[in-house]
Amino acid sequence: MSGMSKIVKTISSITFPFVTIYGLYVIAHGHLTPGGGFQGGAVVASGCAMILVAYGSVWTMGKIKEKHLSVLESFGAIGFIGLAFLGLIFGTMFFKNFLVGNDFLFGEIGKGLSNISTAGALPLMNFAVGLKVIAGLFGIVLVMAYTTKAKGGKIE
Amino acid sequence: MPARNVAAVIFFTIVAVFFVFGALMTHPFGDPGNPEMDQYIIDNTQGETGADNGVTSVVFDYRGFDTLGEATVLFTAFAGVIVLFRRLKK
């Protein structure tokens with residue numbers, strides 16, 4: 001029986017979906033409202049760290065391994081750099097915003113708030129960086145907590 | 001007084017003088033020296049990138065290499081933690 005008391009587990013289980021949805025909202029609206037991939041990813045990773053503290057690192061490591069998080073983070077990094085290289089291929093230079101101006105995906109020009117289909121490649125880069133930050137931060141916290149438990153430390 | 005303390009006092013005095021003169025010689029508040037780049041980004045960020053959020057357009061488009069470096073730092077930190085703590089698990 002690892003982790004904290006039943007009250008903490010119940011409350012963290014109730015609040016975890018709201019924290020996750022808020023973080024995903026910050027990531028998805030990164031080109032419209034304050035925030036972006038880094039900030040929203042930090043919010044989601046904080047929610048995952050709350051679950052980790054409440055339920056214990058052994059239970060959490062049974063749910064998701066750090067190798068899966070490593071794969072997720074690598075996908076985020078490859079997506080980010082791949083979007084930058086697509087700017088080199090379809091546009092003129094590295095990090096060229098090649099999707100702006102078309103009528104296919106995120107191509108419109110923003111004229112104010114509340115139009116999410118704008119800004120070209122910026123939302124896709126936000127998604128990639130958000131995935132990367134979620135997996136990276138939660139992976140760091142998870143591995144450190146689990147290893148401290150395995151060495152007989154105080155953190156469960 | 002030992003020579004090491006004398007050297008430390010001289011060194012910190014020089015650093016403090018540099019900090020004070022650096023603070024006194026900055027441009028006055030509300031008067032940036034060369035605002036051409038700021039004004040260019042304020043004027044053209046919606047037309048060029050299509051984003052309503054100017055900060056995101058600067059971070060991911062105008063200064064994309066900076067974000068690439070941040071992502072590399074995070075990736076290196078994750079890889080380092082994984083490599084460092086993997087030996088302790090056995």
Side-chain angles (χ1 to χ4, degrees), chain A residues 29-38 41 66-67 69-70 73-74 76-77 80-81 83-84 87 94-97 99-101 106-115 117-126 128-129 132-133 135-144 146-148 150-151, chain B residues 15 18-19 22-23 26-90:
Chain A
H29 290 240
H31 55 297
L32 299 176
T33 54
F38 281 102
E66 83 269 14
K67 60 179 77 167
L69 291 171
S70 178
E73 199 201 10
S74 302
F80 185 63
I81 300 179
L83 280 168
F94 201 56
F95 276 108
K96 171 73 178 170
N97 199 343
L99 274 176
V100 70
F106 297 128
E108 302 174 25
I109 304 294
K111 292 183 181 61
L113 291 180
S114 78
N115 186 4
S117 176
T118 56
L122 298 189
L124 303 174
M125 283 185 177
N126 265 322
V129 171
K132 184 170 166 44
V133 171
L137 289 183
F138 181 52
I140 288 173
V141 176
L142 177 64
V143 169
M144 291 177 79
Y146 184 77
T147 316
T148 316
K151 285 291 288 181
Chain B
V15 170
F18 266 111
F19 272 127
T26 52
H27 55 75
F29 185 74
D31 180 26
N34 298 310
E36 288 90 5
M37 178 62 78
D38 312 345
Q39 200 58 44
Y40 178 83
I41 287 176
I42 290 170
D43 289 338
N44 296 320
T45 182
Q46 266 192 328
E48 285 187 351
T49 69
D52 294 325
N53 190 352
V55 177
T56 301
S57 69
V58 169
V59 165
F60 283 99
D61 201 323
Y62 291 109
R63 300 282 182 271
F65 277 100
D66 183 64
T67 309
L68 182 62
E70 287 183 34
T72 310
V73 165
L74 184 62
F75 187 83
T76 312
F78 185 47
V81 165
I82 292 263
V83 168
L84 188 64
F85 284 81
R86 178 166 288 166
R87 290 176 59 86
L88 297 177
K89 209 188 295 179
K90 301 277 167 58

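Residue numbers start from 1 in every chain, and the chains themselves are labelled A, B, ... in the order their sequence lines are given, proteins ahead of strands.
The two atoms that bring Tyr62(B) and Thr45(B) nearest to each other are OH-CA, 3.8 Å, heavy atoms only.
Within the 4.5 angstrom heavy-atom criterion, no atom of Leu83(A) approaches chain B. Looking at Ala79(B), there are no atoms closer than 4.5 Å to chain A (heavy atoms on both sides), in backbone or side chain.
Here the side chain of Asp61(B) pairs no donor or acceptor atom with the backbone of Leu122(A) at under 3.5 angstrom. Side chain of Thr67(B) to main chain of Val59(B): a donor-acceptor pair is present (N/O by atom type, distance under 3.5 Å, no hydrogens or angles).
With chain B as partner, the option from Glu73(A), Lys132(A), Met125(A) having the largest number of non-hydrogen pairs under 4.5 angstrom is Glu73(A).
Val81(B) has its side chain within reach of Met144(A): a pair of non-hydrogen atoms, C-beta onward, lies under 4.5 Å apart.
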